[in-house]
Amino acid sequence: KRARKANTARNQDYSQLKERIFAFVDSECEALSNRKAAIAAASRFESEISDVIRSDDPEHQIAKWIGAHRRSKQNPDDDIG
């Protein structure tokens, strides 16, 4: 049970970070490519990203999230995010 609670808490942080990044990208990075928007978001949310994402290339991970988010906005029936 402890592991489940820890995992739920970590996933909640992860989901909240993704939502904040998506809001930032939607409001300030609409004209940028996924990769450039990811670089801007990584710069803006640097401390939060280092606490939540365990990746050697968080910008690449964020770019994938942004791509999926943008695709889901174009086709809301395919909820992938």
Side-chain angles (χ1 to χ4, degrees):
K1 285 187 175 182
R2 249 187 232 174
R4 186 178 306 162
K5 284 184 181 180
N7 195 28
T8 300
R10 187 177 66 90
N11 286 337
Q12 184 177 9
D13 291 342
Y14 204 74
S15 295
Q16 289 174 352
L17 176 62
K18 283 175 73 171
E19 290 304 316
R20 291 186 62 200
I21 288 172
F22 294 158
F24 169 73
V25 167
D26 289 345
S27 67
E28 299 186 33
C29 302
E30 197 65 35
L32 299 178
S33 69
N34 293 345
R35 184 68 175 171
K36 288 183 180 180
I39 291 168
S43 176
R44 177 76 169 268
F45 298 101
E46 185 175 358
S47 63
E48 295 164 73
I49 289 169
S50 65
D51 290 342
V52 176
I53 298 177
R54 303 288 181 234
S55 171
D56 59 345
D57 189 2
E59 291 169 357
H60 179 71
Q61 180 62 50
I62 294 168
K64 292 193 309 187
W65 290 350
I66 292 169
H69 172 69
R70 287 178 171 172
R71 284 189 302 276
S72 72
K73 281 178 42 179
Q74 289 176 347
N75 190 0
D77 296 334
D78 292 343
D79 187 16
I80 23 180

Chemist: What pair of heavy atoms forms the shortest contact from Asn34 to Gly67, and how long is it?
Modeler: ND2-CA, 3.3 Å
Chemist: With side chains defined as the heavy atoms from C-beta onward, is the minimum distance between Ile53 and Leu17 less than 4.5 Å?
Modeler: yes
Chemist: Does a side-chain heavy-atom distance below 4.5 Å link Ile66 with Arg70?
Modeler: yes
Chemist: Can you tell me how the ring of Phe24 sits relative to the ring of Phe45, calling it parallel under 30°, perpendicular over 60° and tilted otherwise?
Modeler: perpendicular
Chemist: Rounded to the nearest 0.5 Å, what's the gap from CG on Asp51 to CD on Glu46? Could you check?
Modeler: 10.5 Å
Chemist: Would you say the side chain of Ile21 lies within less than 4.5 Å of the side chain of His69, judging by non-hydrogen atoms?
Modeler: no
Chemist: Write down the atom of Cys29, the atom of Ala37, and the distance for their closest heavy-atom approach.
Modeler: CB-CB, 3.9 Å
Chemist: Supply the atom-to-atom distance Arg54 CZ to Gln61 CD, rounded to the nearest 0.5 angstrom.
Modeler: 13.5 Å
Chemist: Near Lys73 NZ, under 6.0 Å, is it more than 12 heavy atoms from other residues, nucleotides or ligands?
Modeler: yes
Chemist: With rounding to the nearest 0.5 Å, note down the distance linking CD1 in Ile49 to CZ in Arg44.
Modeler: 11.5 Å
Chemist: Using every non-hydrogen atom in the two residues, find where Ile62 and Ala41 come nearest and quote the distance to one decimal.
Modeler: CG2-CB, 4.4 Å
Chemist: Taking Ser47's backbone N and O only, do any of them form a donor-acceptor pair with Ser50's side chain (distance below 3.5 Å, no angle check)?
Modeler: yes
Chemist: Distance from Ile39 atom CD1 to Ser33 atom OG, nearest 0.5 Å?
Modeler: 7.5 Å
